[in-house]
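Shown next, in structure tokens, is the structure this report addresses.
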Amino acid sequence: MKKMLKMALGLFVLGFTLSASAKDSIKIGALVAATGPASFLGDPELKTLKLYVEKINASGGLLGKQVELVAYDTGANPKQATTFVKRLINQDEVVAIIGGSASGETMAILPFVEKAEIPLVSMAGAISIIQPVQKYAFKTPATDRMACDKIFGYLKSKNQVNVALISGTDGFGASMREQCMEVAPSHGISIVADESYGPKDTDMTPQLTKIKSISNLQAVVNPGFGQGPAIVTKNYKQLGITQTLVQSHGVASKKFIELTENANEGVIVASPPVVVASLLEDSNPIKNIALDYIKSYEEKYNEPVSTFGGYAYDALYLIVDAIKTANSSEPKAIRNAIESTKNYAGLNGIFNMTAEDHLGLDLDSGIKMLVIKNNDWSLAE
């Protein structure tokens, strides 16, 4: 049975909670995959939300009220997500929602937040969350299409234009595969193979053996998240494939490096900048924000940060800044203020929202090309 988490943070100090009535608090909902196959996404997301709601409340809260985080563990299950989103809307009466962790569950809850007119800031990657634009839906990670553009631009600069895809069939993997197929011609990229794997597959050597046999192969791109890309990376090494392997922003965390130890040298990863905050230029407005986040998170939890916690941080603060800007915690006022966000420097880049763009993320600030060297991140040249 999947564990359900409900974490209501009123004034939280040294293990006890001072309860606050609904009128005395501002309730923000969260749907996170804290357990299950996508826990590597949801666990750091939930920890980040808890940490920064505590910080906000310790600094006086919002509009003179405490912030109350009401979080449920979806296990990345779309059915669970729809059950919990209805609870957040109808019973908990939240003013905004953060989530889900994964694309499939986010797509499942969109109709409910639109009908209820509650702003949602997703932490998932699929472009379909925000295109076509839906009035109440926003997101913080770079889209899968942006990742494809960045990856193919990088490969083109290396004259590696004959590219194979091996994609997960989950919501994110399938969506990114579709986007990569669409944008490849604009970069002069030829897709020479198109393989896939399921979320429960534990061996991708048959697909990779087919890919290895292609005579003009120059690079392999793996749209996917979770265990799949780690298995692909290890099988890649076992088969002795020497062409460039590129992973998406769906794996940009130290956990991926741990899972692929001894098989990841030279693997290229598209990633938000928080992963390599210390390597950013001092003039980059993201750098100090990211360094502060890393320090706070690692001191609190004694574990390395991930890009996924960064998605939660930006989602929370887009909502917090909107409440401050609107001087209101009414959902419609929050929505309007989020859509008017300008030059917000977050952990994932610089955000400029418009009515036509509910991500508003600049490609250059939002995605960096990294390479794994000696089980650590470096900027790819």
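Worth knowing before you read on, the calculation uses all heavy atoms, side chains too, and leaves out hydrogens, waters and symmetry mates. We're numbering straight along the sequence, starting at 1.
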**Study point:** Pairwise distance CG(Leu120) to CG(Leu110) - rounded to 0.5 angstrom
**Key:** 6.5 Å
Exercise for review: Verify whether one side chain among Asn222 and Tyr197 offers a donor that lies under 3.5 Å from an acceptor in the other.
Suggested key: yes
Check your understanding: How close do Ala30 and Leu88 get, heavy atom to heavy atom, and via which atoms?
Key -> N-CD1, 4.1 Å
Exercise for review: Taking atom types as modelled, find out whether Ser175 and Asp144 have a side-chain donor-acceptor pair closer than 3.5 angstrom.
Suggested key: yes
Review point. Would you say the side-chain atoms of Thr74 and Glu105 include a donor-acceptor pair closer than 3.5 Å?
Key: yes
Review point. Should we say atom CG of Asn90 is surrounded by more than 12 heavy atoms from elsewhere, each under 6.0 Å from it?
Key: yes
Check your understanding: Is it true that Glu117 and Lys332 have a side-chain N and a carboxylate O under 4.0 angstrom from each other?
Key -> yes
Practice item. Would you name the heavy atoms of Ile97 and Ile319 that are closest together and state the gap between them? Key: O-CD1, 4.4 Å
Practice item. Report, as yes or no, whether the 6.0 Å neighbourhood of atom CG on Asn374 holds more than 12 heavy atoms from other residues, nucleotides or ligands. Key: no
**Study point:** Straight-line distance of Gln131 CD to Ile129 CD1, nearest 0.5 Å
**Key:** 11.0 Å
Check your understanding: Could you go step by step and tell me if Arg145 and Glu182 meet the salt bridge (Lys or Arg N to Asp or Glu O under 4.0 Å) rule?
Key -> CA-CA 9 Å; Arg145 190 180 188 92; Glu182 288 185 9; 2.9 Å; yes
**Study point:** Closest non-hydrogen atom pair, Ala108 against Pro78
**Key:** CB-CB, 3.9 Å
Exercise for review: Locate the shortest heavy-atom distance separating Asp203 from Pro206; write the atom from each residue and the value.
Suggested key: O-CD, 4.0 Å
Point to revise | Any side-chain donor near an acceptor of the partner, Thr106 and Ser122, under 3.5 Å | key: yes
Check your understanding: Hey, quick one: are Val246 and Val161 part of the same hydrophobic cluster, counting side-chain heavy atoms closer than 4.5 Å, chains of contacts allowed?
Key -> yes
Review point. Does the distance from a Lys or Arg side-chain N to an Asp or Glu carboxylate O, for Lys287 and Asp282, drop under 4.0 Å?
Key: yes
Check your understanding: With a 4.0 Å cut-off, would you call Glu54 and Lys300 a salt bridge?
Key -> yes
Point to revise | Any donor-acceptor N or O pair under 3.5 Å, side chains Thr244, Gln218 | key: no
Study note, to complete from the structure: Value for CZ (Phe351) from CG (Leu361), rounded to nearest 0.5 Å, stands at 5.0 Å
Review point. Should Tyr72 and Asp92 be marked as a side-chain hydrogen bond (donor to acceptor under 3.5 Å, both in side chains) after you check the CA-CA gap, both sets of side-chain angles, and the distance that decides it?
Key: CA-CA 11 Å; Tyr72 292 104; Asp92 300 315; 2.9 Å; yes
Review point. Does His249 have its ring centroid less than 6.0 Å away from the ring centroid of Phe172?
Key: yes
**Study point:** Pair Asp73, Thr35: side-chain N/O donor-acceptor within cut-off below 3.5 Å
**Key:** yes
Check your understanding: Strictly by modelled atom types, are Thr140 and Tyr313 linked by a side-chain donor-acceptor pair under 3.5 Å?
Key -> no
Point to revise | Heavy-atom pair with the smallest gap, counting every atom of Leu62 and Ile323 | key: CD1-CD1, 3.9 Å
**Study point:** Ion pair Lys47/Glu303, N-O distance below 4.0 Å
**Key:** yes
Exercise for review: For the residue pair Phe308 and Tyr311, categorise the inter-ring angle as parallel (less than 30°), tilted (30 to 60°) or perpendicular (more than 60°).
Suggested key: perpendicular
Review point. Are the charged groups of Glu339 and Arg335 less than 4.0 angstrom apart, N to O?
Key: yes
Point to revise | Cation-pi geometry met for Lys255 and Phe40 (6.0 Å, 45°) | key: no
Review point. Have Asp362 and Asn352 got a donor and an acceptor in their side chains that come within less than 3.5 Å?
Key: no
Review point. So does Lys342 have more than 12 non-hydrogen atoms from other groups sitting under 6.0 Å from NZ?
Key: yes
